[in-house]
Amino acid sequence: MPSVLGIAESAYVPRGWFGRLRPARRPSHTSNFLDWVIDGTPLLARLQAASDASYLKRGWTTDLSPGHPDALDQIDLLLGDGVSSLGDGRVPLLVCGECSDLWCGTISTRVEHTDNEVRWLGLGYQTPRRAPDLFEPAIDVTFGRPPYERVLVELRMRFAAPADR
């Protein structure tokens, strides 16, 4: 049975300065974003339950926040359009919550589209010039293509500028 992709409102409290001084010296502020949800569970929670990789303890977000310049690119890549900034064509799912810079690392996947399904294969941690460090045990997710595309097309419309519609 295919998994169901969804999105959910989420919040991230930036720690700044790599988490050292900001929380103690400055009041935190919250960044809102839309999080990937698979079968009712946020993606990061799903990954943390399956793996004890130390980098999963960092703050991760999607590019799906108001005004984020990469929001539409992330959606398009998941729909099978566009060119990934990662050298091997993988699609970033979660990025550094502090800066969204792929050089800080990203949780990425290889996306495969068939007539009836979309698969996220080999989820792992990587940077643009580094091969992915795949989660062990392997984490792969299969979605039914029509409901998957419906979620992403609706999401794309939400983030598209009026001139893009």
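- At distances below 3.5 Å, not a single donor-acceptor pair connects side-chain atoms of Thr127 with backbone N or O atoms of Gly105.
- With hydrophobic clusters built from ILVMFWY side chains whose heavy atoms lie under 4.5 angstrom apart, Leu102 does not share a cluster with Tyr125.
- With rounding to the nearest 0.5 Å, the separation of CG in Leu44 from OG1 in Thr62 is 11.5 Å.
- Rounding to the nearest 0.5 Å places CD of Gln48 at 10.0 Å from CG of Leu43.
- Note: the hydrophobic cluster containing Ile107 also contains Ile38 (ILVMFWY, side chain heavy atoms under 4.5 Å, direct or indirect links).
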Check residues 64-71 and write down every donor-acceptor pair under 3.5 Å in which the side-chain atom is one partner and the other belongs to a residue at least two apart or another chain.
from, atom 1, to, atom 2, distance (Å)
His68, ND1, Asp70, N, 3.0
His68, NE2, Asp63, OD1, 3.4
His68, NE2, Ser100, OG, 3.0

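- Listed by chain and residue number, Glu112 satisfy the salt bridge (charged side-chain N to carboxylate O under 4.0 Å, His left out) test with Arg110 (two or more places apart in sequence, or in another chain).
- When the side chain to side chain donor-acceptor pair (under 3.5 Å) test is applied to Arg145, the partners found at least two apart in sequence or on another chain are Glu149.
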For residues 87-96, dump all side-chain donor-acceptor pairs below 3.5 Å to protein atoms at least two apart in sequence or in another chain.
from, atom 1, to, atom 2, distance (Å)
Asp88, OD1, Arg90, N, 3.2
Asp88, OD2, Gln126, NE2, 3.4
Arg90, NE, Ser108, OG, 2.9
Arg90, NE, Gln126, OE1, 2.7
Arg90, NH1, Gly122, O, 3.1
Arg90, NH2, Ser108, O, 2.8
Arg90, NH2, Ser108, OG, 3.2
Arg90, NH2, Gly122, O, 2.6

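- No side-chain heavy atom of Pro42 sits less than 4.5 Å from a side-chain heavy atom of Ser10.
- Atom CG of Asp133 and atom CG of Leu123 lie 12.0 Å apart (nearest 0.5 Å).
- Think of Val37 as one node in a network of Ile, Leu, Val, Met, Phe, Trp and Tyr side chains linked at under 4.5 Å; it has no links at all.
- We find the CZ-CD1 distance between Phe159 and Ile75 to be 6.0 Å, quoted to the nearest 0.5 Å.
- For the pair Leu152/Leu5, a side-chain contact is recorded, criterion being any heavy-atom separation below 4.5 Å from C-beta on.
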* Would Glu154 and Ile7 satisfy side chain to side chain contact (heavy atoms under 4.5 Å, CB included), going step by step from the backbone distance to the final call? -> CA-CA 11 Å; Glu154 289 174 9; Ile7 55 169; over 6 Å; no

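- Residues meeting the side chain to side chain donor-acceptor pair (under 3.5 Å) test with Asp101, sequence neighbours left out: none.
- Cluster membership for Leu78 and Trp60, using ILVMFWY side-chain heavy atoms within less than 4.5 angstrom, is shared.
- The line from CZ of Arg119 to OG1 of Thr109 is 12.0 Å long, rounded to the nearest 0.5 Å.
- Qualifying side chain to side chain donor-acceptor pair (under 3.5 Å) partners for Trp120, counting only residues two or more places apart in sequence or in other chains: Tyr148.
- Between Trp36 and Val141 the shortest side-chain heavy-atom distance does not fall below 4.5 Å.
- Linking Ile, Leu, Val, Met, Phe, Trp and Tyr whenever their side-chain heavy atoms come within less than 4.5 Å puts Val111 and Leu77 in one cluster.
- Considering only residues two or more places apart in sequence or on other chains, Pro147 meets the side-chain contact (heavy atoms from CB on, under 4.5 Å) condition with Arg150.
- Listed by chain and number, the residues in a side-chain contact (heavy atoms from CB on, under 4.5 Å) with Pro2 amount to none (sequence neighbours excluded).
- Scanning for side chain to side chain donor-acceptor pair (under 3.5 Å) contacts around Glu136 gives an empty result, with sequence neighbours left out.
- Note: Leu134 CG to Ile139 CD1 = 10.0 Å, rounded to the nearest 0.5 Å.
- In this structure Asp39 satisfies the salt bridge (charged side-chain N to carboxylate O under 4.0 Å, His left out) test together with Arg46, sequence neighbours excluded.
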